[in-house]
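One structure is given here, and the rest of the page talks about it.
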Amino acid sequence: MNRNITRIVAVAASLAMGFSLAGCGSNSADSDKGHVYFMNNKAEVVDQYKELASMYTKKTGVKVDVQTGAAGTYDATMTSELAKSNAPTMFNVSGFDQFAKYQKYVEPLQDTEVFKMLNDEGKAYSYTIDGKSYTLPYAAEWYGIIYNKKIIKDYCAKDYAVISSADDIKDYKTLKAVAQSIQQHKDDLGLDGAFATPGLDSSDAYRFTAHMARLPLYYEYKDMNTTFSKTIKGTYLNQYKDLFDLELKNSPTESGLISSKTYDDVTSEFALGKVAFYPNGVWAYSQIKNNEVADDDLGMLPYYMGIKGEENSGPAGVYDASWAVNKNASEKDKKATLDFIKWMVTDDSAKKILSQDMGFSVPFTTFTDKYQPDNPLTKAARAYTDAGKTEVRSFTIPDQKWQDDIASALIEYAQGTGKWDKVKSAFVDGWATEWANNEDSLGSVPEAQKFDAK
């Protein structure tokens, strides 16, 4: 879930009205070869998409236009553009709500050459209805418990250490023992706490409502042998509570004050070397780097919270950004669009732009280790898959209201003004309520399939 903190503000501002950017090589375009019109929703990479468009037009003679709707304007711009005769031939889909909105426009892609180039995780995250897959995920990210290797190494050298190296942390029991020991000896270690503050300001609450909350959901779905259910029991919420309590009691901030701690506040605690552990995703690297934690000292643990079988899993993967093809485009334009996508994920220069310049870990088999973002957290997360661990899937959650209600209940619980039962109700009862509301407003819910942990 890339929060796009590094968004280029000037570019975003200039795109607020959906400024259109055509490939620089458009003058050499050949209309007989079809036309690609891409509706993009990532303003921070618009220059790179413009470069790709220009490169492709120069190489093939196919005209590629890119239009970008900045944050808050994408849906309105999409609605307007899709109604036109020269509508986008491809567009971004970010999340199930957008897929549901544009479902009547999407072309089935499961039989295309480019879909078959997706890796297994990419295929699993494609939105599917009745066996047909309609989206091409193009940006994989991971989240887990980031840790400072140097701090753990220094801790392990102490006579009070309960482990001999970070490699010993393979389950929740060990993580808890280490965190409590570090907290007890934080003054000797020169730290403010074991964990970064579990901040519940609106800028930081997503770590607990959109990410950590997906761990108990994953294992409950596994038990149910499904990838979606409109009702859940909250089977593993006690384990979620255990990890939340561990963070709450072993951080630099008093429990009653965590609602005032922002994303920047808690990221600084880790980036400045004041805490050992920081649950977050690979996108946090842009705020951590060039501070007090060296790249070589960045590691990532899975979200250990005491669920049976979690020792066989790695960090959680999230694939929010996808490409879709407009089924209403002409056959010539659809072919041109699919050829353009294939080129982006097979041409060496294009792959470098996607992976290095844009910073995406692209879930296509053509992206070998040579074409991965230069991010030590991404490398740490991917190492678990390389070691045979199962990637935890980030299944779809209802909407922002569901997240906000959980955050509010967590704040009351942390402050001592509310019971854990309210958190469970927000999670379980709110799940059923919000999916029912979404089905009424969006007309559909995700399709349930058999659970496959591979």
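Values below: all heavy atoms of this structure, side chains included; hydrogens, waters and symmetry mates excluded. Given the structure is predicted, the values throughout are model-derived calculations rather than measurements.
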Would you say the side chain of [Y] lies within less than 4.5 Å of the side chain of [X], judging by non-hydrogen atoms?
{"X": "L301", "Y": "F277", "answer": "yes"}
{"X": "F270", "Y": "N280", "answer": "no"}
{"X": "V423", "Y": "F244", "answer": "no"}
{"X": "P446", "Y": "T227", "answer": "no"}
{"X": "F364", "Y": "V114", "answer": "yes"}
{"X": "K116", "Y": "E113", "answer": "no"}
{"X": "T135", "Y": "L109", "answer": "no"}
{"X": "Q103", "Y": "I129", "answer": "yes"}

Establish, from distance only, whether the side-chain atoms of [X] and [Y] form a donor-acceptor pair under 3.5 Å.
{"X": "S268", "Y": "D265", "result": "no"}
{"X": "Y384", "Y": "E391", "result": "no"}
{"X": "Y285", "Y": "D295", "result": "yes"}
{"X": "S361", "Y": "Q372", "result": "yes"}
{"X": "D75", "Y": "Y102", "result": "yes"}
{"X": "D429", "Y": "T433", "result": "no"}
{"X": "D201", "Y": "S203", "result": "yes"}
{"X": "E81", "Y": "Y37", "result": "yes"}

Mind checking side chain to side chain donor-acceptor pair (under 3.5 Å) for [X] and listing every partner two or more places apart, or none if nothing turns up?
{"X": "N119", "result": "none"}
{"X": "K173", "result": "none"}
{"X": "K261", "result": "none"}

[X] atom [atom1], neighbour heavy-atom count above 12 within 6.0 Å:
{"X": "K149", "atom1": "NZ", "value": "yes"}
{"X": "N225", "atom1": "CG", "value": "yes"}
{"X": "K334", "atom1": "NZ", "value": "yes"}

If we ignore hydrogens and angles and just use 3.5 Å, is the side chain of [X] paired with the main-chain N or O of [Y] as donor and acceptor?
{"X": "Q287", "Y": "A271", "answer": "no"}
{"X": "S165", "Y": "D167", "answer": "yes"}
{"X": "S181", "Y": "A177", "answer": "no"}
{"X": "E247", "Y": "F195", "answer": "no"}
{"X": "D245", "Y": "D242", "answer": "no"}

D386 vs R382, salt bridge (charged side-chain N to carboxylate O under 4.0 Å, His left out): CA-CA, chis, key distance, verdict: CA-CA 6 Å; D386 295 340; R382 294 180 70 241; 5.1 Å; no
Side-chain ion pair, K379 and D374, N-O less than 4.0 Å: yes
List the atom pairs, with distances to 0.1 Å, where a side-chain N or O of residues 307-315 and a protein N or O form a donor-acceptor pair under 3.5 Å, not counting sequence neighbours.
| unit_1 | atom_1 | unit_2 | atom_2 | d |
| --- | --- | --- | --- | --- |
| E310 | OE1 | M305 | N | 3.0 |
| E310 | OE1 | G306 | N | 3.3 |
| E310 | OE1 | I307 | N | 3.3 |
| E310 | OE2 | M305 | N | 3.1 |
| E310 | OE2 | G306 | N | 2.7 |
| E311 | OE1 | G309 | N | 3.4 |
| S313 | OG | Y219 | OH | 3.2 |

Minimum heavy-atom separation for [X] and [Y], please, with both atom names.
{"X": "Q98", "Y": "N92", "result": "OE1-O, 3.9 Å"}
{"X": "W402", "Y": "G430", "result": "CD1-C, 3.5 Å"}
{"X": "L298", "Y": "P376", "result": "CD1-CG, 3.8 Å"}
{"X": "V66", "Y": "A53", "result": "CG2-CB, 4.1 Å"}
{"X": "S126", "Y": "S133", "result": "OG-CB, 3.4 Å"}
{"X": "P252", "Y": "V275", "result": "CG-CG1, 3.8 Å"}

Whether W283 and Y206 hold their rings parallel, tilted or perpendicular, with breakpoints at 30° and 60°: tilted
Candidate pair N148 and K150, rule side chain to side chain contact (heavy atoms under 4.5 Å, CB included), full reasoning: CA-CA 6 Å; N148 185 323; K150 182 179 183 301; 3.4 Å; yes
Centroid-centroid under 6.0 Å between W323 and F91 rings: no
Residue pair L237, V428: steps toward the side chain to side chain contact (heavy atoms under 4.5 Å, CB included) verdict: CA-CA 10 Å; L237 278 180; V428 176; 4.1 Å; yes
Pairs flagged by salt bridge (Lys or Arg N to Asp or Glu O under 4.0 Å) wherever residues 348-358 is involved - sequence neighbours left out: D348-K351, K352-D357
Within residues 433-443 or reaching into it, pairs that qualify as salt bridge (Lys or Arg N to Asp or Glu O under 4.0 Å) - sequence neighbours excluded: K230-E439
What is the distance from atom [atom1] of [X] to atom [atom2] of [Y], rounded to the nearest 0.5 Å?
{"X": "K419", "Y": "S425", "atom1": "NZ", "atom2": "OG", "result": "15.5 Å"}
{"X": "I397", "Y": "T209", "atom1": "CD1", "atom2": "OG1", "result": "6.5 Å"}
{"X": "D168", "Y": "L175", "atom1": "CG", "atom2": "CG", "result": "12.5 Å"}
{"X": "K274", "Y": "E269", "atom1": "NZ", "atom2": "CD", "result": "11.0 Å"}
{"X": "D421", "Y": "Y413", "atom1": "CG", "atom2": "OH", "result": "11.0 Å"}

Audit row: I258, L248, side chain to side chain contact (heavy atoms under 4.5 Å, CB included) steps and yes/no: CA-CA 9 Å; I258 64 171; L248 194 64; 3.7 Å; yes
Among Y218, Y240, Y143, Y303, the one residue meeting ring-ring contact (aromatic ring centres under 6.0 Å, His included) with H211: Y143
Option among W435, Y127, F395 that satisfies the ring-ring contact (aromatic ring centres under 6.0 Å, His included) test with F228: W435
Worked verdict on K153 versus D297 for salt bridge (charged side-chain N to carboxylate O under 4.0 Å, His left out): CA-CA 10 Å; K153 183 178 179 180; D297 288 329; over 6 Å; no
Audit row: R393, Y221, side chain to side chain contact (heavy atoms under 4.5 Å, CB included) steps and yes/no: CA-CA 10 Å; R393 281 189 61 182; Y221 274 3; over 6 Å; no
